[in-house]
Structure formats: C-alpha cells, structure tokens
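Inspection log for the structure reproduced underneath, given as structure tokens.
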2 protein chains.
Amino acid sequence: MSKREALLNAAEHKARIGGYSNFSFRELANEVGIKSASVHYHFPTKEDLGAELAKRYTENFLSALGDPEELVKLSQDPIEHYVGKFRHALIADQKMCLCGLFGAESDALPNKVKLHTKAFFLKNIQWLQKAIEKREGANTTPVKARNKAVFILSLLQGSMMLSKVLDSNEIFSIATTLIEPINNH
Amino acid sequence: MSKREALLNAAEHKARIGGYSNFSFRELANEVGIKSASVHYHFPTKEDLGAELAKRYTENFLSALGDPEELVKLSQDPIEHYVGKFRHALIADQKMCLCGLFGAESDALPNKVKLHTKAFFLKNIQWLQKAIEKREGANTTPVKARNKAVFILSLLQGSMMLSKVLDSNEIFSIATTLIEPINNH
DNA sequence: CTATACTTACCTATCAATAGGTATTATTGT
DNA sequence: ACAATAATACCTATTGATAGGTAAGTATAG
C-alpha cells in the first residue's frame with residue numbers, strides 16, 4: 001500500500017468518527033510513518049486531502065453498489081441491497097457514513113470538500129431513483145421515484161446517526177423496517 | 001443579557017454550523033466582548049460549556065414543543081407540530097439541529113457532551129411516542145408508537161442534513177410529506 | 001469585607017503550511 | 001552504454017496562528 005493510500009485510509013477512519021477537524025497532518029503522518037511535512041507532498045493542502053477523501057469514498061461506495069438495473073434483472077430488491085450497504089457501514093465498520101458526517105458540518109467545510117460531499121448525495125439519489133424506476137416499472141414516475149429516493153437516503157442517514165449516538169443497532173433496524181410500507185404506498 | 005448567556009448563544013450559533021470543534025474560547029470571548037480567560041470563569045472547561053450547550057438546547061426545544069397531550073386535546077396533530085419545529089430550525093435559523101450535529105460526531109465528543117446529546121434524543125423519542133399514543137389511542141401499542149417515533153426522528157434529522165448539504169429546502173418538504181402514509185399504516 | 005465578574009499575562013500543545021535540502025528512481029538525448 | 005535531467009518521495013527546521021487552560025491581580029456592587 002502506498003503512503004498516499006495509507007494517509008487516505010487513516011484520514012477516513014478519523015473523519016468517520018469526528019468529522020473534518022478530527023484528523024490532522026501530524027496525526028496522519030505519525031500513523032503511516034512519515035513526517036507531517038511529507039503529507040503536503042501528496043496533498044498540497046488539507047482541503048485537497050479532504051476533497052480527495054470524499055471523492056474516493058463516493059467512488060468506492062457507488063462501485064460497491066453496482067448497477068441497479070442488473071440487480072433487478074437478477075430478481076434482487078435493489079433497495080434492500082442499498083440498505084445493506086449502510087447496515088454494513090454501521091455494524092461492521094462501527095462508524096458513520098463519511099459524507100453523512102461531512103454533510104452535517106457542510107457549512108463549515110472548505111469549498112472543494114463541500115462540493116464532493118454534495119456530489120455523493122446527488123449520485124446516491126440518482127442511483128436510488130433509477131433503482132426504484134427499474135423495480136416499479138410503469139407503477140411510478142421519475143418525480144415519484146426521486147421523492148422516494150430522497151426519503152430513503154434521509155431515513156438511512158438519520159437512523160445511522162441515531163444508532164451511533166444511542167449506541168444501539170436496533171434503532172437502525174426499526175427505522176429501516178418502516179421503509180417497505182412507504183415503498184408499497 | 002448576561003455574558004454567560006451571550007457566550008452560550010455565540011457557541012450555539014457556531015456549533016450548529018460546524019459542530020463541537022467549530023467554536024473556541026477565543027472566538028466566543030471576542031464576540032461577547034470579554035477576554036478568553038474570562039470564559040473559564042463561567043465554564044471551567046470546553047467540555048462544561050459543550051455540555052451546558054446541549055442541555056440548554058434540549059430544555060429549550062422540549063419546552064417549545066409543549067405537552068403532546070394538550071395538542072391532541074386541542075385537535076392539533078402533534079406530529080405536524082413537531083415537524084414544524086424542525087422546519088423552523090432549518091428555514092428560519094438556516095442551521096442544523098445542534099444535537100443532530102453533535103450526534104453525528106458523538107464518538108469524538110467529550111463524555112459530558114455526549115451524554116447530554118444522548119439525552120436530547122431519548123427525550124425526543126419519548127415525546128413522540130407519547131404524542132403517537134395520545135393521537136392514535138387504542139390503534140397502537142407502546143412498542144409500535146416508539147418505533148414510529150424513532151422513524152420520524154431519524155427521517156427529520158436525515159432530511160435536515162440532506163437539505164443543508166444540497167442547499168434545498170424542498171428536500172425537507174419531500175421527505176416530511178412521506179411521513180403521513182407511514183403514520184396511517 | 002467579600003463574593004462576583006472580570007483583566008492581564010502567561011503557558012504548553014497543536015495546527016496547517018513553507019522553505020530548503022537529500023537520496024532514489026525514471027526518463028531522455030547523444 | 002552513459003551521462004544529463006527531472007520527477008518521486010521523503011527529510012529537518014521553522015513559521016505564525018490558534019487551541020485550551022492557569023495563576024495572579026483588579027474593579028465593582030452589595
């Protein structure tokens with residue numbers, strides 16, 4: 001693993017716990033075994049590092065999701081698939097969604113970081129909208145599908161946060177169980 | 001207004017934009033016109049200030065909500081009333097819920113602050129549970145009402161965050177419009 | 001006289017960032 | 001093949017700003 005990757009991994013770990021201000025060049029450098037000044041070689045400023053972090057997170061998340069059309073073709077529920085990715089982040093990683101945290105503090109974020117965080121949400125809404133359109137076929141419209149996408153993403157982000165602060169994975173289960181009745185409405 | 005109150009107000013403003021690390025003793029002192037060392041007279045440590053902030057926010061929010069039983073008696077929908085408080089925070093204040101932000105970064109918060117943040121969510125779930133029980137009478141159970149409470153609070157917190165990062169109040173409207181179908185389920 | 005509400009004057013730690021330097025490894029021109 | 005060039009991946013040392021926190025002193029009101 002390159003030092004650059006190691007720096008991003010260390011930064012992601014810390015950012016997913018306490019946000020943008022929860023990682024510093026010094027700490028990251030110590031963790032990967034270089035000097036803090038050398039971090040500036042890979043990332044000129046902290047803003048650049050933060051932007052790359054959000055960008056990489058978005059790319060990894062979206063590529064892990066795959067194509068919703070493929071899932072529907074294989075008779076898999078893409079929404080359940082989607083919820084599973086969030087469940088994994090919460091239960092296995094025991095951490096928040098990086099962009100969920102960045103999103104909450106977005107008004108205090110450097111511009112580049114904010115833009116990449118925004119892109120995460122737009123791309124996720126697009127993915128969900130397509131998933132719902134493919135799953136429900138003629139029973140929905142682009143607007144209705146997009147509204148459901150916004151609803152699902154909001155609920156997942158919110159319940160993830162509640163689960164973290166109340167230290168209870170059950171909270172996430174409760175909230176996500178109530179997604180289905182909405183979908184069938 | 002006392003300096004103590006002014007400090008809390010300034011801290012709340014900053015914290016609701018960028019979280020716990022977005023306010024400092026120096027900045028707060030400058031804003032209210034005292035020296036940073038004098039802030040320690042009112043709040044021994046930043047942890048104490050943060051805890052008081054979350055505590056005061058919770059008290060103000062709960063007392064602004066009033067008693068859900070009273071609302072039901074006056075034929076008002078307590079859930080709509082509740083959603084209105086969040087809408088106000090987002091539209092009028094143009095800021096996140098303080099505890100929504102603290103909740104997202106709760107694993108990096110000093111203990112006292114984390115505990116008061118946790119209390120905010122427990123008290124809000126209790127309020128919503130009672131509201132649903134009073135509104136739906138024999139049509140619900142304590143468990144079902146609590147689950148709905150968790151669902152509503154998750155959705156509100158999540159949609160508030162999405163609205164902030166996407167800079168669109170419509171997102172909040174879309175997400176909250178979909179609360180009612182769930183309630184009637 | 002004494003508690004309240006500050007002030008001045010510090011401290012130590014940490015922050016992101018910069019300047020200037022050193023090996024090591026690739027690339028390129030002849 | 002070999003030397004010149006340049007990019008890669010770091011280093012030490014330092015800057016100016018900012019962080020939270022402390023001790024000792026001062027003004028003021030009851």
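Naming convention: chains lettered A, B, ... in sequence-line order (proteins, then strands); numbering from 1 in each chain.
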(Q) Under a 4.0 Å threshold between the charged nitrogen and the carboxylate oxygen, would B:E69 count as salt-bridged to B:K134? (A) yes
Q | Pairing of B:E136 and B:K148 as salt bridge, 4.0 angstrom limit | A | yes
All N/O pairs under 3.5 Å across the protein-nucleotides 20-25 of chain C interface:
none

Q: Run through B:R56, B:K14, B:R4 and flag the one making a side-chain hydrogen bond (donor to acceptor under 3.5 Å, both in side chains) with B:N9.
A: B:R56
Q. So, are B:D107 and A:R16 salt-bridged, with charged N and O less than 4.0 Å apart?
A. no
Q: Taking the side chain as every heavy atom from C-beta outward, state whether B:L90 and B:K164 have any pair of such atoms under 4.5 Å apart.
A: yes
Q.
As a test of understanding, state which of A:R135, A:K130, A:Q129 forms a side-chain hydrogen bond (donor to acceptor under 3.5 Å, both in side chains) with A:E133.
A. A:Q129
Q. Can you tell me how far C1' of C:dC6 sits from CZ of B:R4, to the nearest Å?
A. 16 Å
Q.
Whole angstroms only, please: what is the CZ-P distance between A:F23 and C:dC15?
A. 12 Å
Q | Protein-nucleotide distance (A:F25, atom CZ; C:dT18, atom C1'), rounded to Å | A | 12 Å
Q.
Under 4.0 Å, heavy atom to any atom of DNA chain D: which of residues 35-49 of chain A qualify?
A. A:K35, A:A37, A:S38, A:Y41, A:H42
Q: Measure across A:A131 and A:I79 and return the closest heavy-atom pair with its distance rounded to 0.1 Å.
A: CB-CD1, 4.3 Å
Q. In whole angstroms, how far is the P atom of D:dC11 from the CZ atom of A:R26?
A. 14 Å
(Q) If I take atom CG in residue A:N22 and atom P in nucleotide C:dC15, what distance separates them, rounded to the nearest angstrom? (A) 10 Å
Q. Applying the ring-ring contact (aromatic ring centres under 6.0 Å, His included) test to B:W127, which of B:Y82, B:F61, B:F120 qualifies?
A. B:Y82
Q.
For a quick test of reading the model: is some side-chain N or O of B:S24 closer than 4.0 Å to OP1 or OP2 of D:dT18?
A. no
